[in-house]
Amino acid sequence: MITATSFKQSQSQSQSQSRSGQQVPLLKVDNLSVEFGPKDRPIRVVNGVSFEIAAGGAVGIVGESGSGKSITSLATMGLIPMPPGRIAEGRVELEGVNLLELPRSKMPEIRGRDIAMIFQEPMSSLNPVMTIGDQIGEAIKLHEKSSREERRARIIELLKLVGMPDPEKRIGAYPHQFSGGMRQRVMIAMAVACNPKLLIADEPTTALDVTIQAQVLELMKQVRRELNTAVLLISHDLGVVADIAERVIVMYAGRVVEDGDVRTIFRSPGHPYTRGLLQSVPKLKDDRKRLYQIPGSVPLAGTVKQGCPFYARCTDRIGKCAEMMPPMFTLATGQKAACWVSAGATS
């Protein structure tokens with residue numbers, strides 16, 4: 001089992017390996033699987049998810065509700081409730097160290113300092129009886145040695161960073177005194193309070209109007225530029241992902257079905273599900289009488305026993321799709337996709 005001391009030692013070793021020419025990604029998720037329910041009748045909600053994020057990079061995970069995006073991010077943070085959930089298999093490595101081998105008591109030392117998260121609903125994530133200054137200051141107090149005056153100065157600096165007007169007065173306000181967009185700014189300030197290496201943003205623009213969405217996205221890009229923080233963006237909005245991420249991972253029914261460069265996937269999607277998502281996006285000049293929608297819905301977790309989970313909704317399906325789950329194929333356009341048809345199968 002890894003202790004806090006050995007974790008720091010392993011981080012130093014990983015950094016020295018990077019300097020010696022062996023590139024170690026900031027975050028590496030390898031074959032991650034998450035189950036819920038009793039062990040004799042488990043329901044697998046995330047199945048074999050793998051991806052990497054480089055230091056300072058930005059990766060987006062997209063998919064409909066129920067595709068496993070948020071569970072993947074919670075597993076990365078060590079926030080899966082156990083029980084009823086558990087990590088069935090896989091690794092989550094931060095700079096070469098497997099976080100899943102850390103004692104759960106040590107994870108709070110990692111959260112906030114090395115990995116931070118912006119949750120999708122700020123009103124339910126902020127404490128209604130604490131001022132925003134106290135809530136931002138909690139993370140600083142936990143991870144850094146500083147006086148009250150130093151923490152106050154740091155909180156004001158963070159509120160200025162996220163564009164909060166009149167931060168000297170707002171520091172003593174409560175969450176209900178802020179609009180939705182301002183509360184999301186507070187959440188971002190809390191997340192970056194200790195300059196984390198990785199920022200996980202789970203639907204950060206949900207329930208915000210278009211103007212505020214644009215401001216929040218610009219703020220995230222600014223934080224990434226100024227702090228060199230890597231970003232893992234969880235979203236069902238392809239437009240948001242295109243604006244933030246360099247690489248996109250498409251998830252469906254708990255699996256990764258496509259993975260590649262954002263421009264490549266948006267220009268030449270390799271999986272029928274990805275094509276359906278892109279066709280569903282409304283365009284400024286759109287003469288369609290009805291917006292496109294993918295027929296059917298995401299299957300319930302654990303109900304697909306064989307074949308491709310997208311088979312029932314796919315218009316390109318062939319016989320093989322119903323019998324065997326396709327592996328990830330590297331396509332001619334460069335990205336990877338789990339699709340027999342895209343890989344050239346004909347029957």
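Along the sequence shown, residues are numbered consecutively beginning with 1.
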Exercise. With no hydrogens and no angle check, is any side-chain donor or acceptor of N98 less than 3.5 Å from a backbone partner on E93?
Worked result: no
Problem set entry | R185 side chain to M164 backbone, donor-acceptor under 3.5 Å | no
For this session: For R151 and S146, indicate whether the former's side chain and the latter's backbone hold a donor-acceptor pair under 3.5 Å.
Result: yes
Seminar exercise, completed: Rounded to the nearest 0.5 Å, the CD1 atom of I234 sits from the CD1 atom of I71 at a distance of 11.0 Å
For this session: May I ask you to decide if G56's main-chain N or O and R224's side chain share a donor-acceptor pair within less than 3.5 Å?
Result: yes
Exercise. For V231 and I53, which heavy atoms make the closest approach, and how far apart are they?
Worked result: O-CD1, 4.3 Å
Exercise. For V186 and Q184, what are the C-alpha separation, side-chain angles and deciding distance, and is it a side chain to side chain contact (heavy atoms under 4.5 Å, CB included)?
Worked result: CA-CA 5 Å; V186 173; Q184 196 63 287; over 6 Å; no
Exercise. Does the side chain of Q293 reach to within under 4.5 Å of the side chain of Q279, using non-hydrogen atoms?
Worked result: no
For this session: Check whether any side-chain heavy atom of L238 sits under 4.5 Å from a side-chain heavy atom of V62, and report yes or no.
Result: yes
For this session: Could you state whether M77 and L233 fall into the same hydrophobic cluster, counting links through intermediate Ile, Leu, Val, Met, Phe, Trp or Tyr residues with side-chain heavy atoms under 4.5 angstrom apart?
Result: yes
Exercise. Do the side-chain N and O atoms of T333 and Q335 include a donor-acceptor pair separated by under 3.5 angstrom?
Worked result: yes
Exercise. Going through the checks in order, is the side chain to side chain contact (heavy atoms under 4.5 Å, CB included) test met by V248 and D261?
Worked result: CA-CA 6 Å; V248 61; D261 175 79; over 6 Å; no
Exercise. Can you tell me if W340 uses its side chain to pair, donor with acceptor, with the backbone of M324 under 3.5 Å?
Worked result: yes
Seminar exercise, completed: For A201 and M220, the nearest pair of non-hydrogen atoms, with its separation, is CB-CE, 3.6 Å
Exercise. NZ of K169 to CD1 of I156: how many Å apart, nearest 0.5 Å?
Worked result: 12.5 Å
For this session: Compute both the distance and the angle, then confirm whether R183 meets the cation-pi test with F178: under 6.0 Å from the six-membered ring centre, within 45 degrees of the axis.
Result: no
Exercise. Is any side-chain heavy atom of F310 less than 4.5 Å from a side-chain heavy atom of V257?
Worked result: no
Problem set entry | Heavy-atom closest contact (D316 atom, R275 atom, distance) | OD2-NH2, 2.6 Å
Exercise. Under a 4.5 Å side-chain heavy-atom rule over Ile, Leu, Val, Met, Phe, Trp and Tyr, are I155 and L142 clustered together?
Worked result: no
Exercise. Taking T131 for the side chain and A173 for the main chain, is one N or O donor matched with an acceptor at less than 3.5 Å?
Worked result: no
Problem set entry | Pair E64-Y273, side chain to side chain contact (heavy atoms under 4.5 Å, CB included): steps then yes or no | CA-CA 10 Å; E64 296 169 280; Y273 179 59; 3.0 Å; yes
Exercise. So if you build clusters from Ile, Leu, Val, Met, Phe, Trp, Tyr with side-chain heavy-atom gaps below 4.5 Å, do I115 and I87 land together?
Worked result: yes
Problem set entry | Side chain to side chain, I171 and I132, heavy atoms closer than 4.5 Å | no
Exercise. With no hydrogens and no angle check, do the side chains of R170 and Q177 hold a donor and an acceptor under 3.5 Å apart?
Worked result: no
Problem set entry | Interatomic spacing from CD1 in I118 to CE in M187 - rounded to 0.5 Å | 7.5 Å
Exercise. Looking at side-chain heavy atoms only, is the closest gap between R91 and K28 below 4.5 Å?
Worked result: no
Exercise. Taking atom types as modelled and ignoring hydrogens, do the side chains of E203 and H236 form a donor-acceptor contact shorter than 3.5 angstrom?
Worked result: yes
Exercise. How far does CG of D114 sit from CG of L99, to the nearest 0.5 angstrom?
Worked result: 8.5 Å
Seminar exercise, completed: Between R313 and Y252, the two heavy atoms sitting closest are CD-OH, 3.1 Å
For this session: Would you kindly say whether S50 and N31 are connected by a side-chain donor-acceptor distance under 3.5 Å?
Result: no
Exercise. Do side-chain atoms of R113 reach the backbone of H143 as a donor and acceptor pair under 3.5 angstrom?
Worked result: no
Exercise. Does a salt bridge link E157 with K160, judged by any charged N lying under 4.0 Å from a carboxylate O?
Worked result: no
Problem set entry | Any donor-acceptor pair under 3.5 Å from Q135 side chain to M130 backbone | yes
Exercise. Without hydrogens or angle criteria, can the side chains of E226 and Q222 be said to hold a donor-acceptor pair below 3.5 Å?
Worked result: yes
Problem set entry | Interatomic distance, C308 atom SG to M325 atom CE [nearest 0.5 angstrom] | 5.5 Å
For this session: Examine distances only and state if a side-chain atom of R152 and a backbone atom of G133 form a donor-acceptor pair shorter than 3.5 Å.
Result: no
Exercise. Are any of the side-chain heavy atoms of Y174 and L126 separated by less than 4.5 Å?
Worked result: no
Problem set entry | Salt-bridge present (K221, E218; N to O < 4.0 Å) | yes
Exercise. In this structure, are over 12 heavy atoms from other groups packed under 6.0 Å from I43 atom CD1?
Worked result: no
Problem set entry | Validation row: C194, E144 side chains within 4.5 angstrom (heavy atoms) | yes
Exercise. Is the backbone of T72 close enough, under 3.5 Å, to the side chain of T76 for a donor and an acceptor to pair up by distance?
Worked result: yes
For this session: Could you walk me through whether L27 and V29 pass the side chain to side chain contact (heavy atoms under 4.5 Å, CB included) test, one step at a time?
Result: CA-CA 7 Å; L27 179 73; V29 177; 4.2 Å; yes
Exercise. Are L278 and I61 connected, step by step, through hydrophobic side chains (Ile, Leu, Val, Met, Phe, Trp, Tyr) whose heavy atoms are closer than 4.5 Å?
Worked result: yes
Exercise. Under a single-linkage definition using a 4.5 Å side-chain heavy-atom cutoff for Ile, Leu, Val, Met, Phe, Trp and Tyr, are V46 and V304 assigned to the same hydrophobic cluster?
Worked result: no
Problem set entry | Reported CG-to-NE2 distance for the pair L331 and H271, which is rounded to 0.5 angstrom | 10.0 Å
Exercise. Closest approach of A230 and L26, non-hydrogen atoms and distance?
Worked result: CB-CD2, 3.6 Å
For this session: Of all the heavy-atom pairs spanning A75 and I80, show the shortest one and how long it is.
Result: CA-CG1, 3.6 Å
For this session: Verify salt bridge (Lys or Arg N to Asp or Glu O under 4.0 Å) between R247 and D259, making sure each step is shown before the conclusion.
Result: CA-CA 8 Å; R247 187 162 148 247; D259 178 359; 2.8 Å; yes
Exercise. Side chains of F51 and V256: closer than 4.5 Å at any heavy-atom pair?
Worked result: no
